[in-house]
Amino acid sequence: MSIVSFLKNRLRRKPAPNASPSGDPRALKAVNVAMVDALMGALPHDEAMSVAIGGDWEFGGKVQTALLKHYGLPPQGFLVDVGCGAGRLAKTLSEQHPGGYLGIDLVPALVNNARRITPRPDWTFEVIDHIGIPAPETSADMVCFFSVMTHLLHEQSYWYLEEAHRVLKKGGRVVLSFLEFQEPWHFEHVFKPTVAGAKSGSAAPLNVFLDRAAIALWANDIGFDVVEFRGGGDEVTPAGNLGQALCVLKKR
């Protein structure tokens, strides 16, 4: 049996308590902690940390860093990294970005790893228990959501965009990645396996698709302008692409 099959079976047999995706947003924490616990029980630590955030550790960190710089993260700017995971972005960015940073995630093991591997005592990592950004109003230059809204209900994604608007300075930007049905790879290789997982009773985190029109509607309602959308296969920078679609928003 492959590692992937083992983990799917383990999560299917032992669903996280209170792991329902609806209702209390803290259910998000339970299902994600359960997933990481399963990985840590089956794999060596470093491999578990990589798999937990989607693999492609070094490549992903380089692409995310290049995207943030491309979309205008100021050299001395303050970045909020929502869903910082095990530190894939933080480790790479820390070597290039002299400005400030706050990384937040629901899973303590991931945050501890991110803090451990990032040699920046001036940077902050926090474990959160619910949807929210623990930062003051108008304090951030950029907020990023890489592979975050891919796992949230629409109401929760909207809520997080409200939080991003609150903490951003005027003119500050959001960079977010998302799954969309118009991307054939997303449909075949993410949506269909997610349907199969739902039928089998998997308690793994949700995979949620967004529509560009919906994101634009939410953005306008909250107080953002859409800077641009890019497809999952677009190489926005020479570093490559993440395989997810991108949206960039600017606070009015």
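What you see below is based on every heavy atom in this structure, not just the backbone, and it leaves out hydrogens, waters and symmetry mates.
- Residues Met49 and Leu39 are members of one and the same hydrophobic cluster, defined by side-chain heavy-atom contacts under 4.5 angstrom among Ile, Leu, Val, Met, Phe, Trp and Tyr.
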Under 3.5 Å, which donor-acceptor pairs link side chains of residues 67-81 to any protein atom two or more places apart or in another chain?
| residue | atom | partner | partner atom | Å |
| --- | --- | --- | --- | --- |
| Lys69 | NZ | Gln96 | OE1 | 3.0 |
| Tyr71 | OH | Glu228 | OE2 | 2.5 |
| Asp81 | OD2 | Tyr101 | OH | 2.7 |

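- Under the 4.5 Å side-chain heavy-atom criterion for ILVMFWY residues, no single connected hydrophobic cluster contains both Val236 and Leu176.
- Side-chain contact check for Asp211 versus Phe181: every heavy-atom pair is 4.5 Å or farther apart.
- Between Lys62 and Thr237 there is no side-chain heavy-atom pair separated by less than 4.5 Å.
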Criterion side-chain hydrogen bond (donor to acceptor under 3.5 Å, both in side chains) on His151 and Asn32, from CA distance to verdict: CA-CA 10 Å; His151 303 299; Asn32 281 279; over 6 Å; no

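- Between Leu210 and Trp218, the closest side-chain pair of non-hydrogen atoms falls below 4.5 Å.
- The side-chain heavy atoms of Leu93 and Glu95, taken from C-beta on, include no pair separated by under 4.5 Å.
- Between Phe178 and Arg212 the shortest side-chain heavy-atom distance falls below 4.5 Å.
- Note on Leu102 and Val175: separate hydrophobic clusters, where clusters join Ile, Leu, Val, Met, Phe, Trp and Tyr whose side-chain heavy atoms are under 4.5 Å apart, directly or indirectly.
- Sequence neighbours left out, not one pair with a member in residues 195-204 passes salt bridge (Lys or Arg N to Asp or Glu O under 4.0 Å).
- Under 4.0 Å is where a charged nitrogen must lie from a carboxylate oxygen, and between Glu162 and Arg166 no such pair does.
- Residues Trp185 and Gln244 form no side-chain contact, since every pair of their non-hydrogen atoms from C-beta on lies 4.5 Å or further apart.
- The side-chain contact (heavy atoms from CB on, under 4.5 Å) test applied to Arg252 returns Asn220, Asp225, not counting sequence neighbours.
- Counting heavy atoms from C-beta outward, Phe59 and Thr92 have side chains that stay 4.5 Å or more apart.
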